Protein chains: 2
Amino acid sequence: MSKDTRISMAVVRRLPKYHRYLGELLRNDIDRISSKELSDRIGFTASQIRQDLNCFGDFGQQGYGYNVKELHNEISKILGLDKQYNTIIIGAGNIGQAVANYSSFEKYGFHLKAIFDKNPKLVGIKIRDIEIQDVDELSSYLDNNKVDIAIICVPRLHAQSVADILVSKGIKGIWNFAPTDLQVPDDVIIENVHLSESLMTLSYRLNERNLFED
Amino acid sequence: MSKDTRISMAVVRRLPKYHRYLGELLRNDIDRISSKELSDRIGFTASQIRQDLNCFGDFGQQGYGYNVKELHNEISKILGLDKQYNTIIIGAGNIGQAVANYSSFEKYGFHLKAIFDKNPKLVGIKIRDIEIQDVDELSSYLDNNKVDIAIICVPRLHAQSVADILVSKGIKGIWNFAPTDLQVPDDVIIENVHLSESLMTLSYRLNERNLFED
DNA sequence: TAGATTGTTAATCGATTAACAATC
DNA sequence: TAGATTGTTAATCGATTAACAATC
């Protein structure tokens with residue numbers, strides 16, 4: 001499934017979109033597609049699609065195009081969706097609860113195993129059959145359970161100290177919803193979801209085109 | 001506050017981060033900063049920082065650097081955070097409720113005015129003093145109220161039809177949390193938050209570096 | 001075989017970084 | 001004034017697009 005040379009983040013961030021569009025083609029019982037047709041749907045150029053896919057292998061066939069099922073499957077593997085991940089959520093406020101309830105991540109192999117919060121009013125409450133634990137138990141939980149991805153949903157000022165605990169226990173993947181940039185060693189991967197940055201980008205663009213006049 | 005020539009999205013997506021770091025400097029009573037010092041904190045090169053800021057004006061001073069308060073204020077204006085926006089949420093499920101409860105958007109000028117859902121069990125419930133309305137009332141609400149930004153939090157299959165209503169009523173800004181790409185006219189701005197794409201990028205990177213072995 | 005479409009190289013475009021004169 | 005640091009131009013780097021030979 002692999003060629004060499006480092007894959008750029010620009011390419012990586014397009015992969016989930018390929019995965020999504022191919023999944024949709026599958027649901028519509030379309031079993032082959034050319035880079036040109038895919039381009040028309042997904043909005044990347046055909047040339048870019050072929051370049052992107054060729055980073056990972058020769059999935060197409062001249063004169064034919066790509067087999068949808070096969071390509072979807074390959075991209076799943078490239079994204080690591082053929083594996084299972086144990087996840088935990090730290091912070092059971094608005095965002096934490098929303099993510100906890102987002103059960104559709106399960107189908108991609110992400111299994112929520114535990115939820116932590118420091119608010120005594122939340123500790124003990126169950127979300128999707130998982131009882132919220134006191135965050136003081138986070139360390140000992142990590143000593144006794146394999147966790148692949150930790151999801152940080154605590155307020156900004158607590159995020160770094162939570163990250164420090166996670167790192168000290170060997171967690172290598174952090175999905176960070178706190179509006180701050182976490183300091184972690186190089187071998188720990190952070191994926192940020194900065195909602196206010198996204199919203200600010202939207203307001204910038206509204207004003208830029210003079211679409212917004214008060 | 002402006003120079004000419006179109007600003008690239010690469011620059012635009014860095015602006016909220018400048019805003020955030022400058023806000024932090026302000027809170028720490030630091031009143032001037034050089035591009036070099038800011039570079040050390042924010043992680044962009046000093047050269048890039050100067051280039052970015054110069055897209056919008058000459059905010060610095062040779063030999064001195066930048067005045068933190070002034071620059072923060074300028075970037076606020078550039079991002080349109082000096083204005084007020086009426087927002088509505090369509091879809092009061094997990095994500096919709098989480099965003100509705102996220103009151104910190106208010107301080108940037110984003111005011112939640114209405115929430116819609118089609119589930120009769122949710123209609124009538126109040127979130128932050130706002131009563132969830134039946135989505136059938138969306139059209140007439142838009143006829144009678146000025147809305148600047150609509151936040152789509154409905155399931156994938158309903159997202160496009162909601163977007164169609166919004167567009168037909170003249171909404172120009174959509175913050176889309178549904179895992180799909182919406183079709184809208186060129187003058188409507190869409191900002192997507194695709195959580196599963198973000199999570200898949202994380203799992204890709206975990207596997208890429210062989211940090212994840214099952 | 002002829003037509004279609006890939007994989008891949010080369011050309012272009014855009015974004016980042018380096019360098020330095022201008023100037024506070 | 002001398003030192004610091006900007007604004008801005010030029011150089012480099014990387015990503016996208018175009019082109020086309022290879023081949024199914």
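Here is how names work: the chains are called A, B, and so on, in the same order as the sequence lines, proteins then strands, and each is numbered from 1. Keep in mind it's a predicted model, so treat the numbers as computed, not measured.
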- Note on the structure: Counting primed atoms, P, OP1 and OP2 as sugar-phosphate and everything else as base, the B/S/- map of nucleotides 13-20 of chain D against protein heavy atoms under 4.0 Å is --SSBBBB

- Query: Considering only heavy atoms, which members of residues 20-36 of chain A lie under 4.0 Å from some atom of DNA chain C?
  - Reply: A/S34, A/S35

- Message: Under the side chain to side chain donor-acceptor pair (under 3.5 Å) definition, can you give me all pairs with a residue in residues 94-106 of chain B, not counting sequence neighbours?
- Response: B/E106-B/H111, B/E106-B/R128

- Query: Who pairs with B/Y21 by side-chain hydrogen bond (donor to acceptor under 3.5 Å, both in side chains), at least two apart in sequence or on another chain?
  - Reply: A/D181

- Message: By the salt bridge (charged side-chain N to carboxylate O under 4.0 Å, His left out) test, which pairs, at least two apart or in different chains, include something from residues 42-53 of chain B?
- Response: B/R14-B/D52

- Mind checking side-chain hydrogen bond (donor to acceptor under 3.5 Å, both in side chains) for A/K169 and listing every partner two or more places apart, or none if nothing turns up? A/D143

- Message: Are the side chains of A/Y141 and A/V147 in contact, using a 4.5 Å heavy-atom criterion?
- Response: yes

- Test: A/D31 and A/K69 ion pair at under 4.0 Å: no

- In whole angstrom, give the distance that lies between atom CZ of B/F56 and atom C1' of D/dT6. 18 Å

- Measure the distance from CG on B/N67 to C1' on D/dT5 and round it to the nearest whole Å. 15 Å

- Is there a side-chain polar atom (N or O) of B/Y66 under 4.0 Å from OP1 or OP2 of D/dG7? yes

In a table with atom names and distances, give each donor-acceptor pair under 3.5 Å that connects a side chain of residues 42-49 of chain B to protein atoms at least two apart or in another chain.
residue, atom, partner, partner atom, Å
B/T45, OG1, B/Q48, N, 3.0

- Query: B/K113: what forms a side-chain hydrogen bond (donor to acceptor under 3.5 Å, both in side chains) with it, not counting sequence neighbours?
  - Reply: none

With a cut-off of 3.5 Å and sequence neighbours excluded, list every side-chain donor-acceptor pair involving residues 149-162 of chain B.
residue, atom, partner, partner atom, Å
B/Q160, OE1, B/Q183, N, 2.9
B/Q160, NE2, B/D164, OD1, 2.8
B/Q160, NE2, B/Q183, O, 3.1
B/S161, OG, B/H158, O, 3.0

- Note on the structure: Taken to the nearest whole Å, CG/B/D58 to C1'/D/dT5 is 14 Å

Measure all distances between protein nitrogen or oxygen atoms and nitrogen or oxygen atoms of nucleotides 22-24 of chain D, and list the pairs falling under 3.5 Å.
residue, atom, partner, partner atom, Å
D/dC24, O3', A/Q61, OE1, 3.2
D/dC24, O2, A/Q62, O, 3.3

- Item | Close aromatic pair by centroid cut-off 6.0 Å: B/Y66 and B/F59 | no

- Contacts of type side-chain hydrogen bond (donor to acceptor under 3.5 Å, both in side chains), residue B/S198, not counting sequence neighbours: A/W175, A/E191

- Using both pair distances under 3.5 Å as the test, note the stems of at least 3 consecutive Watson-Crick or G-U pairs that include DNA chain C. C:3-24 with D:3-24

- Using 4.0 Å as the upper bound for N to carboxylate O, is an ion pair formed by A/E24 and A/R41? no

- Query: Do A/N192 and A/N176 have a side chain donor and acceptor closer than 3.5 Å?
  - Reply: yes

